[in-house]
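Keep in mind that the numbers below use all heavy atoms, side chains included, and drop hydrogens, waters and symmetry copies. Order of appearance sets the numbers: ligands from 1, and atoms from 1 within every ligand. Because the structure is a prediction, the values reported are computed rather than measured.
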Amino acid sequence: MNATGPHFDNSYARLPDAFHSRQAPTPVAQPELIALNRGLAEELGIDPDWLAGEDGMAMLSGNRLPAGAQPIAMGYAGHQFGHWVPRLGDGRALLIGEIVDREGTRRDVQLKGSGPTAFSRRGDGRSSIGPVVREYLASEFMHALGIPTTRALAAVATGERVMRQQIEPGGILCRVANSHVRVGTFEFFARSKRDDEVRLLADYVIERHYPDCRDATNPYASLLLQVIDRQARLIADWLRVGFIHGVMNTDNCSVVGETIDYGPFGFLDTFDQATVYSSIDQGGRYAYNQQPAIAHWNLARLCECLLPLLDPSREKSVEIANEVLQTFPARFESYFHPGLAAKIGLDPDREENARLALDLMDAMASGATDMTLVFRGLGELPGAGPDRDGPVRELFSDPDLFDSWAARWRQRVAAEGRGDATRQAAMQQVNPAFILRNHLAQQAVDAAIDRLDFEPMRRLHKVLSRPFDDQPEAADLARPPRLDERVLTTFCGT
Ligand code: AMP
Ligand code: MG
């Protein structure tokens with residue numbers, strides 16, 4: 001075992017063969033490191049210099065895995081845009097092993113774009129460099145916002161080409177997750193009535209992620225409740241920063257409540273509840289404001305999977321599942337509303353404050369107003385009076401809308417009596433100055449695809465790693481897109 005390389009301990013690979021398919025990565029021609037997450041490497045107990053060296057690069061490119069790696073493609077199914085698909089699975093990814101990190105948390109290490117697997121169907125098992133750049137930027141930005149997410153350990157250009165809408169350079173992302181078990185993993189077994197495997201999987205998830213469920217009267221009901229709670233918190237986190245996942249299929253819904261599988265995602269520039277980014281989401285199923293309802297729907301699918309475990313009586317199982325499931329909307333609100341109140345600098349525990357924040361969002365929606373700039377700008381305003389409101393009110397196409405809202409807001413600010421400095425500092429901690437705007441992600445992707453130029457990606461990554469800090473030298477990355485820069489759809493074609 002290499003002293004500075006990864007120390008793998010692979011619990012998922014120890015599950016029976018039905019759970020995965022063993023598969024080595026397919027080597028690539030000429031791997032080149034384009035991004036390395038040194039901090040994350042250290043968390044995992046891997047020497048970053050080892051990763052950047054010959055053996056590390058061999059691992060990150062899939063050319064030669066270190067001792068202890070046991071590459072597997074995980075099996076899963078899923079509902080895609082509401083339609084049942086019995087067999088999906090890792091078609092272009094491999095779980096190469098698990099590492100228990102410095103905090104004692106077991107983390108999955110996955111290569112995405114590492115070649116065909118038993119689940120590839122007609123796909124090539126590869127990824128273009130574009131989606132690798134996008135996922136690296138997005139997942140690390142989400143982490144910087146404090147939102148649960150998979151992480152990016154490294155990105156590699158393969159020196160090979162992939163066929164997409166055009167020929168593009170290939171890439172591999174090394175992704176780290178607390179879990180790659182999805183609602184779709186449960187569906188994979190449950191829908192073919194493989195109750196034993198469902199139970200094994202549930203026990204695995206409890207053991208690894210929710211150990212306190214073991215002591216509950218009904219461990220599986222307790223598992224459901226905890227998964228539901230994590231999803232509720234996650235969706236609330238997304239909505240607060242204007243994130244749209246884009247493909248909330250059950251196979252992209254993690255049982256540990258991490259943001260997973262960044263495809264055609266986007267962040268709102270102008271606030272519009274009905275925004276959809278995915279080019280294939282014609283019906284708006286996964287629009288910004290549909291996400292809580294869709295998460296609820298996905299969790300209902302998970303509940304169905306666990307019915308055989310909840311109680312010997314089917315009737316009783318359904319009753320238990322329903323009881324747990326129906327807590328979702330209230331749980332979601334219990335995370336979303338305090339978060340909203342905090343965004344406008346008011347007491348998170350007062351429901352009227354959340355209502356006030358929702359009114360501000362309505363005002364934004366009526367006039368194509370940049371969400372990030374409004375909240376950030378609001379955090380600079382004094383409580384006393386509107387003299388300095390200019391920069392914020394001018395963001396609204398009808399500034400009167402802001403003026404009347406701000407008058408109500410100031411009454412609440414005064415009533416709560418928190419000093420300006422304290423309130424403003426708290427607001428700047430929850431309202432990012434920078435987000436991963438779609439046009440900026442696109443510019444980074446275009447530079448990577450057209451010229452193998454990773455400088456725009458690196459600059460953006462650096463700024464987004466401190467999203468709550470004012471960074472005057474990066475003012476160009478804070479502004480909304482000009483009309484000619486706007487990116488309205490993103491594609492799955494990875
Ligand atoms: P996604 O929509 O990205 O979550 O992927 C849905 C399914 O398609 C998963 O089973 C993927 O593994 C599979 N898939 C996507 N792209 C490819 C590819 N290039 N080669 C093989 N399988 C793929
Ligand atoms: Mg997926």
Exercise. Answer yes or no: are there more than 12 heavy-atom neighbours, outside Arg486 itself, under 6.0 Å from its atom CZ?
Key: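 No - once you tally the heavy atoms of other residues, nucleotides and ligands closer than 6.0 Å, there are 12 at most.
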Practice problem: Give a yes or no on this: more than 12 heavy atoms of other residues, nucleotides or ligands lie within 6.0 Å of atom CZ of Arg161. | Solution: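 Counting neighbours around CZ of Arg161, 12 or fewer heavy atoms of other residues, nucleotides or ligands fall under 6.0 Å, so no.
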Quiz prompt | The single option from Tyr277, Phe81, Trp238 passing ring-ring contact (aromatic ring centres under 6.0 Å, His included) against Tyr286 | solution = Phe81
Self-check item: Positive for ring-ring contact (aromatic ring centres under 6.0 Å, His included) with Tyr204, one of Tyr210, Phe189, Phe19, Tyr12
Solution: Tyr12
Numbered atoms of ligand 1 (with element) below 4.0 Å of [X], judged on heavy atoms:
| X | value |
| --- | --- |
| Asn252 | 4 (O) |
| Gly125 | 18 (C), 19 (N), 20 (N), 21 (C) |
| Asp261 | 4 (O) |
| Arg164 | 19 (N) |
| Tyr76 | 9 (C), 10 (O) |

Quiz item: Closest to the Mg ion (ligand 2), which N/O/S atom of Asp261 is it?
Solution: OD2
Quiz prompt | Phe468 and Leu145, any side-chain heavy atoms less than 4.5 Å apart | solution =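 Answer yes - side chains close enough.
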Quiz item: Does any non-hydrogen side-chain atom of Val276 lie less than 4.5 Å from one of Ile244?
Solution: no
Practice problem: Just say parallel, tilted or perpendicular for the rings of Phe336 and Phe332, cut-offs at 30° and 60°. | Solution: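 Parallel: the ring planes of Phe336 and Phe332 meet at under 30°.
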For the 3.5 Å polar cut-off, considering only N or O atoms, please tell me whether [X] and ligand 1 meet it.
| X | answer |
| --- | --- |
| Gly89 | yes |
| Asp90 | no |
| Gln80 | no |
| Phe119 | no |

Practice problem: Consider ligand 1: state whether an atom of it lies below 4.0 angstrom from any non-hydrogen atom of Val247. | Solution: no
Quiz item: For ligand 1, is Arg122 a contact, meaning one of its heavy atoms is under 4.0 Å away?
Solution: no
Quiz item: Side chains of His79 and Glu187: is there a donor and an acceptor less than 3.5 Å apart?
Solution: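 Yes, because at least one side-chain N or O of His79 sits under 3.5 Å from a partner of the opposite role on Glu187.
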Exercise. Output yes when a side-chain donor or acceptor of Asp272 lies under 3.5 Å from a complementary backbone atom of Ala368, and no otherwise.
Key: no
Quiz item: Strictly under 2.8 Å, is any N, O or S atom of Asn252 next to the Mg ion (ligand 2)?
Solution: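 Checking Asn252: at least one N, O or S atom is under 2.8 Å.
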Practice problem: Check each of Met163, Arg92, Arg121 against atom 8 (O) of ligand 1 and report the one with the nearest heavy atom. | Solution: Arg121
